[in-house]
Amino acid sequence: MVAATRFSVLVLNAVRRIPPGRVATYGDVAAVAGRPRAWRAVGNIMRECQQADVPCHRVVASGGGLGGYGDNPALKRALLRAEGVIVVGRRIRQWSLVRWVPAPSGRVRRNRTVAPAVSQEERRRA
DNA sequence: GATGTGACTTAGA
DNA sequence: ATCTAAGCCACAT
């Protein structure tokens with residue numbers, strides 16, 4: 001079946017696992033893909049992804065940075081914002097809350113209804 | 001198989 | 001806060 005190397009499939013699959021309203025860093029995606037130190041390659045794959053099946057806009061940089069999105073970083077921000085993620089400038093608000101955490105460990109199913117609940121928190125700065 | 005590249009990350013100045 | 005340097009991985013040529 002054509003292109004799509006192994007790692008790229010794993011990465012795309014990992015990105016697809018990101019639930020709406022949440023985001024993951026390149027490092028997290030790489031970890032789920034099986035290469036926790038391949039954030040660089042993840043970025044490269046994302047650049048080629050450009051597929052509607054993959055919410056590449058949910059993949060952001062570390063520390064809450066938006067990362068990149070081809071020539072439309074603003075579009076990425078808009079998509080995230082449309083899902084309930086508060087984004088201000090190039091930074092994500094409540095980063096620790098929207099950051100998706102894959103499989104914590106053994107039991108413990110932390111499923112806490114995301115609940116972004118914007119509220120006036122975003123009025124902080126715009 | 002080597003080289004260059006990048007939607008990255010961390011640390012130091 | 002901004003910039004530089006180095007480290008890291010997979011992919012394209």
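Numbers restart at 1 for each chain; the letters A, B, ... are given by sequence-line order, proteins then strands. What's counted below: heavy atoms across the whole structure, side chains too, no hydrogens, waters or symmetry copies.
Put simply, the residue from A:I45, A:V11, A:V15, A:I18 that forms a side chain to side chain contact (heavy atoms under 4.5 Å, CB included) with A:V54 is A:V15. For the pairing with A:V23, the side chain to side chain contact (heavy atoms under 4.5 Å, CB included) check across A:D28, A:L66, A:V98 returns one residue only, A:V98.
To the nearest angstrom, C1' of B:dT9 lies 12 Å from CG of A:D28. Following rounding to the nearest Å, A:Y26 (OH) and C:dA10 (C1') show an atom-to-atom distance of 15 Å. Atom-to-atom, CZ of A:R47 to P of B:dA7 comes out at 5 Å; the value is rounded to the nearest Å.
Out of C:dA10, B:dA7, C:dC8, the shortest distance to the side chain of A:A38 is found at C:dA10. Closest approach to the A:R35 side chain among C:dA10, B:dA7, B:dT9 is made by C:dA10 (side chain taken as heavy atoms from C-beta onward). Checking B:dA7, B:dT9, C:dA10 against the side-chain heavy atoms of A:A61 singles out B:dT9 as nearest.
Here the side chain of A:R99 pairs no donor or acceptor atom with the backbone of A:S62 at under 3.5 angstrom. At distances below 3.5 Å, not a single donor-acceptor pair connects side-chain atoms of A:K76 with backbone N or O atoms of A:G67. No donor-acceptor pair closer than 3.5 Å links the side chain of A:R81 to the backbone N or O of A:I86.
A:S62 has no side-chain polar atom (N or O) that falls below the 4.0 Å cut-off from OP1 or OP2 of B:dC8. Proximity of A:R37 to the phosphate of C:dC8: no side-chain N or O atom is located under 4.0 Å from OP1 or OP2.
Residues from residues 67-78 of chain A that place a heavy atom under 4.0 Å from any atom of DNA chain B, listed by number: A:G68, A:Y69.
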At a cut-off of 3.5 Å, list every protein nitrogen or oxygen paired with a nitrogen or oxygen from nucleotides 11-13 of chain C, distance to 0.1 Å.
from	atom 1	to	atom 2	distance (Å)
C:dC11	OP1	A:T5	OG1	2.2

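Nearest heavy-atom pair across A:A61 and A:Y26 is N-CE1, 3.8 Å. Nearest heavy atom pair, residue A:T25 against residue A:V59, reads C-CG1, 4.3 Å.
For the pair A:R90 and A:V42, nearest-nucleotide mapping onto DNA chain C gives the more 5' position to A:R90.
Other residues, nucleotides and ligands contribute over 12 non-hydrogen atoms within 6.0 Å of the CD atom of A:Q51.
No salt bridge links A:E83 with A:R22; every basic N to acidic carboxylate O contact stays at or beyond 4.0 Å.
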